[in-house]
Amino acid sequence: MTREPSSARVLVSGATGRMGRRVIEEAAARDDARVVAGVSRDLSGKIDDIPVEPADEFEVVLREYDPDVLVDFSVPEASREFVADCAEANVACVVGTTGFTEDEFAEGGLAALREASERVPVLHASNFSRGVQALLRAVEGAVSDLPGYDVEVTESHHRHKRDAPSGTANAILDRIESVGEFDGRIHGREGDALREPGEIGVHARRAGGIRGEHEILLANEHEELRLTHRAGNRSAFADGALDAAGWLAGRNPGWYDFSEVVAE
Ligand SMILES: NC(=O)c1ccc[n+]([C@@H]2O[C@H](COP(=O)([O-])OP(=O)(O)OC[C@H]3O[C@@H](n4cnc5c(N)ncnc54)[C@H](OP(=O)(O)O)[C@@H]3O)[C@@H](O)[C@H]2O)c1
């Protein structure tokens with residue numbers, strides 16, 4: 001049965017992080033999602049008048065604040081545990097954390113989130129910006145229109161980012177491989193590294209405070225096409241995650257995609 005809460009009660013994990021704080025700030029200006037609390041390992045107190053509770057008492061926090069949906073921007077090892085507790089407590093999960101291993105059934109993969117989605121609605125996205133959703137569609141069109149062109153993907157992020165290549169770059173690569181004939185991904189090049197036909201070059205740059213930039217280069221000997229997305233600030237991601245939270249709360253258990261939120 002589907003219910004549509006007028007304003008989803010949101011719990012934020014990773015609340016003291018760059019994204020968690022932005023989610024709290026952005027939610028204050030919305031009426032479809034209301035942050036009721038955050039959790040943190042270290043801080044207890046308040047962020048912008050929102051109570052922040054200890055992460056190691058997560059199950060107690062779930063009972064006390066009774067959220068409709070978790071919005072998680074933390075680290076994979078923490079995210080998996082938060083989501084498993086939410087599945088027990090019947091709380092929907094929007095997960096923006098990246099860095100889960102690519103093989104979802106390997107240790108560190110998304111399997112724990114998939115398992116939770118049998119009991120509650122779960123939406124994981126490595127990028128909550130609408131511009132990146134549009135980019136993914138544009139990439140799909142370009143790769144199918146330009147067979148045989150060389151493809152290189154370059155992403156740039158701030159110096160604090162842990163995972164490489166970014167979750168968004170991996171989503172772009174998956175999309176490229178789903179529509180074209182490629183032999184594999186080559187991460188960086190060094191030494192005697194002649195480009196082989198069919199390889200996709202992948203490059204990750206880390207510097208300063210760059211919010212997130214992804215460029216897909218398609219080229220043959222006669223022309224180049226470059227598709228680029230640049231995040232101006234973190235509000236695009238926070239807003240997208242809150243759109244997803246309002247959309248997901250009250251839905252049936254299952255595994256959902258951010259493209260479904262954007263399509264509506
Ligand atoms: N999907 C998207 O659109 C999108 C956009 C931007 C970033 N991201 C991803 O979101 C994640 C967070 O990014 P960020 O820039 O906000 O990182 P950040 O500033 O480092 O914040 C992460 C927060 O997670 C919490 N945390 C870290 N380790 C933890 C642990 N073991 N247990 C419990 N909590 C832990 C920390 O809070 P406490 O120390 O207070 O517990 C920390 O403040 C990253 O994976 C990033 O790649 C996704």
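Whatever order the structure lists them in is the order used to number ligands and atoms, beginning at 1.
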Considering only heavy atoms of Ser40, which atoms of ligand 1 have at least one such atom less than 4.0 Å away?
38 (P), 40 (O), 41 (O)
Backbone or side chain, does any N or O of Phe237 fall under 3.5 Å from an N or O of ligand 1?
no
Candidates Ile172, Asn170, Leu173, Ile186 - the one meeting side-chain contact (heavy atoms from CB on, under 4.5 Å) with Val202
Leu173
NZ/NE/NH1/NH2 to OD/OE distance under 4.0 Å, Glu152 and Arg189:
yes
Ranked by distance from atom 48 (C) of ligand 1, the top protein heavy atom is Gly96 O, 3.0 Å
Tell me, which protein residue and heavy-atom name are nearest atom 38 (P) of ligand 1, and how many Å apart are they?
Thr16 OG1, 3.3 Å
Single-linkage hydrophobic cluster Val151~Leu136, side-chain heavy atoms < 4.5 angstrom
yes
For Glu59, I'd like to know if atom CD has over 12 heavy atoms of other residues, nucleotides or ligands within 6.0 Å.
no
Considering non-hydrogen atoms of the protein only, which is the closest contact for atom 3 (O) of ligand 1, and what is the distance?
Phe128 N, 2.8 Å
Under a 4.0 Å threshold between the charged nitrogen and the carboxylate oxygen, would Asp72 count as salt-bridged to Arg80?
no
Taking the non-hydrogen atoms of Ala125, is any one of them nearer than 4.0 angstrom to ligand 1?
yes
Donor-acceptor pair between His214 and Ser166 side chains, under 3.5 angstrom:
yes
Atom indices of ligand 1 within 4.0 angstrom of Gly14 heavy atoms, with elements
23 (C), 24 (O), 25 (C)
of all protein heavy atoms, closest to atom 24 (O) of ligand 1 is Ser74 CA, 3.4 Å
Looking only at protein heavy atoms, which one is nearest to atom 21 (O) of ligand 1, and what is the separation?
Gly17 CA, 3.2 Å
Could you tell me, atom by atom, which parts of ligand 1 come under 4.0 Å of a heavy atom of Met19?
6 (C), 7 (C), 16 (O)
Applying ring-ring contact (aromatic ring centres under 6.0 Å, His included), name anything that partners Phe82, two or more places apart in sequence or on another chain.
Phe58
Looking at every heavy atom in both Asn127 and Phe258, which two are closest together, and how far apart are they?
O-CD2, 3.9 Å
Quick one: does Arg18 get an N or O within less than 3.5 Å of an N or O on ligand 1?
yes
Checking the side chain of Glu199 only, and the main-chain atoms of Glu196 only, is there a donor and an acceptor separated by less than 3.5 Å?
yes
Protein contact of atom 45 (O) of ligand 1 - nearest heavy atom, named by residue and atom, plus distance
Thr98 N, 3.0 Å
Hey, does Ser126 come in under 3.5 Å of ligand 1, counting only N/O atoms on both sides?
yes
Across all chains, not counting sequence neighbours, the side chain to side chain donor-acceptor pair (under 3.5 Å) partners of Glu53 are Tyr65
Residue and atom name of the nearest protein heavy atom (relative to atom 22 (C) of ligand 1), distance in Å to one decimal:
Phe73 O, 3.9 Å
Output the list of atoms in ligand 1 that are nearer than 4.0 Å to some heavy atom of Lys161, sorted by atom number.
47 (O)
Minimum-distance protein heavy atom relative to atom 36 (C) of ligand 1
Arg41 NH2, 3.7 Å
